[in-house]
Amino acid sequence: MTYSLFRSVLGILGISMYLWSCSEGTLEERPPNIVFIIADDLGWKDVGYNGQTFYETPNIDQLASEGMIFDRFYPSAANCAPSRACIVTGMYAPRHHVYLPNGIARGNVDKMRFKVPTRGEDSTYNTFRVNNNHVDPDFISLAELLKPKGYITARLGKWHIGDDNQGFDSLSSSGVFGDISNIGGEEGRYYNDTAVAQRLTDAAITFLDKHQDQPFFVYLSHWEVHTPMSATKDRIQYYQEKLKDFEGEAFVPTYAAEVEQVDLSVGRVMSKLNALGIDKNTLVIFTSDNGGLARLTNNAPLRAGKGTFYEGGIRVPFCARWPEVVKAGSRTDYTAMGIDLMPTFAQLSGASLPSAQPVDGSSFLGVLKGETPERDRDLFLHFPLYLEGSGAKEQVLPVYGIENYFWRAVPSTTLIRGNWKLIYYYEYETYELFNLKADLGETRNVASENPELVEDMLQAIDRWTENTEAPVPNILNEKLAGRKL
């Protein structure tokens, strides 16, 4: 029976309004489908629409051209686990306590100024709470947000934030449904599986086929391009040959082949949505969980890379396609964050935001619709631990008291306000201020030229850390070079 005939029958029966059980409205009025595709460690400059010419991303570029590009999107952290926790819960890191994969500082404890949770040290170093890739199951997730509005949900690929399924109806880390149990199952790792992107996409397409007639949310989280990397020999060879035309460039052919796998996945998902005739009422988002790893890809003009709180570590590609709402070929410099996804999905679906947890983000649905957004919203990133760098490209911050560059990140809070960005380092009790519009590469600290702005932003950081109960290390580490500095 066709839908129009079904409605006629209902009219004959004298029913004036039919509440469709899944979408709380007629088929034409049902909330939009949502497909959220996230890559792992893909840099802002790694896509063609941002000027990349060695890596090949035609499908991502087409998605971007048919929708809106966000030039300034921050997933809310500089590493995978905390950024995913922020995206899924709508909360800043101090709310869910995920700051680094494995939950502890990484690096030589003798180089740390403060005591923080650190591997191999006694309990005196556990000076505040951290979670090891674990989001409290009591927090409402994106899937749990959408479920009351009739959404069927699937989580495919990398999860990395705990052994609870957080309300998803179907899940698989490998692309084979049932490879982990819904609750209490251990997530496998598939970084160097050359076929995992294809399997995950197969699973997504199967899910779309099965649930095309009801609202759905697909969280497709690729393992690429995180290390350890692998790709088929023919694609590696293809990029090795291509590299000959890029003399002097330090591109990695295997990395390029992994970027290609993500792009092919985007293309296949889009083709399926089109074939099913449901693409017009489907919001498709593509992004990454943090910036590119500096030793593997060139993030220029952005400074540094993954793990740092310079733009190369926290600014990522982000584009959204929704033909019924988003104007094709549009672009915005609105500053959005991973924490904004929950309020955005709530607004577009008609779902209610959680009442038992704070939601730190703001909806950018108006931006997608082409409306002029409010400006200069304060956005924060907080990191209370240490993260060492591997080699000169990653070692961007010095050890306290000496000119020895060792760290990617030290305890700090970052505030982004419009074009201004302030990083306050608890480690050094100092700060850097950058004008991102005039100096995208963050080459010039202009703090001394803007003392009133710095003071205002520092006060905002103080208020925010107090409000979120963000941990600020303050117990000196007696092991720092024997405390002789």
For atom NZ of Lys393, decide whether the heavy atoms of other residues, nucleotides or ligands shown that lie under 6.0 angstrom number more than 12. no
Is the distance between the ring centroids of Phe54 and Tyr239 under 6.0 Å? yes
With a 4.0 Å cut-off, would you call Arg199 and Asp193 a salt bridge? yes
May I ask you to check whether Gln166 and Tyr219 show a side-chain donor-acceptor distance below 3.5 Å? no
Run the salt bridge (charged side-chain N to carboxylate O under 4.0 Å, His left out) test against Glu432 and tell me which residues pass, sequence neighbours left out. none
Side-chain donor-acceptor pair under 3.5 Å between Thr153 and Asp169, yes or no? yes
In this structure, CG of Asn132 is separated from CD1 of Ile161 (nearest 0.5 Å) by 12.5 Å
Is it true that the side chains of Ser83 and Asn290 contain a donor and an acceptor less than 3.5 Å apart? no
So, Asn419 versus Asn435: side-chain donor-acceptor pair below 3.5 Å or not? no
Heavy-atom side-chain contact between Glu311 and Phe434 under 4.5 Å: no
Step through the shown structure and confirm whether more than 12 heavy atoms of other residues, nucleotides or ligands are within 6.0 Å of CZ on Phe36. yes
Ignoring hydrogens and angles, state whether a donor on the side chain of Asn108 or Tyr386 is under 3.5 Å from an acceptor on the partner side chain. no
Quick check: are there more than 12 heavy atoms from other residues, nucleotides or ligands sitting under 6.0 Å from CZ of Arg331? yes
Do Arg315 and Asp71 pass the salt bridge (charged side-chain N to carboxylate O under 4.0 Å, His left out) test, and can you show the C-alpha distance, the side-chain angles, and the key distance before you say yes or no? CA-CA 9 Å; Arg315 184 186 294 216; Asp71 284 322; over 6 Å; no
Taking the side chain as every heavy atom from C-beta outward, state whether His160 and Asp289 have any atom pair closer than 4.5 Å. no
Considering residues, nucleotides and ligands other than Arg189, do more than 12 of their heavy atoms fall under 6.0 Å from its CZ? no
Using a 6.0 Å distance limit plus a 45 degree cone around the ring axis, check whether Arg95 lies over the aromatic ring of Tyr92. no
Contacts of Glu403 meeting side-chain contact (heavy atoms from CB on, under 4.5 Å) (sequence neighbours excluded), chain-then-number -> Tyr405
Salt-bridge test for Arg417 and Asp378: reply yes if a basic N is under 4.0 Å from a carboxylate O, no otherwise. yes
Over all heavy atoms of both residues, which pair between Tyr255 and Asp41 is shortest? Give the atoms and the distance, please. OH-O, 3.5 Å
Aromatic contact, Tyr334 with Phe364 (centres under 6.0 Å): no
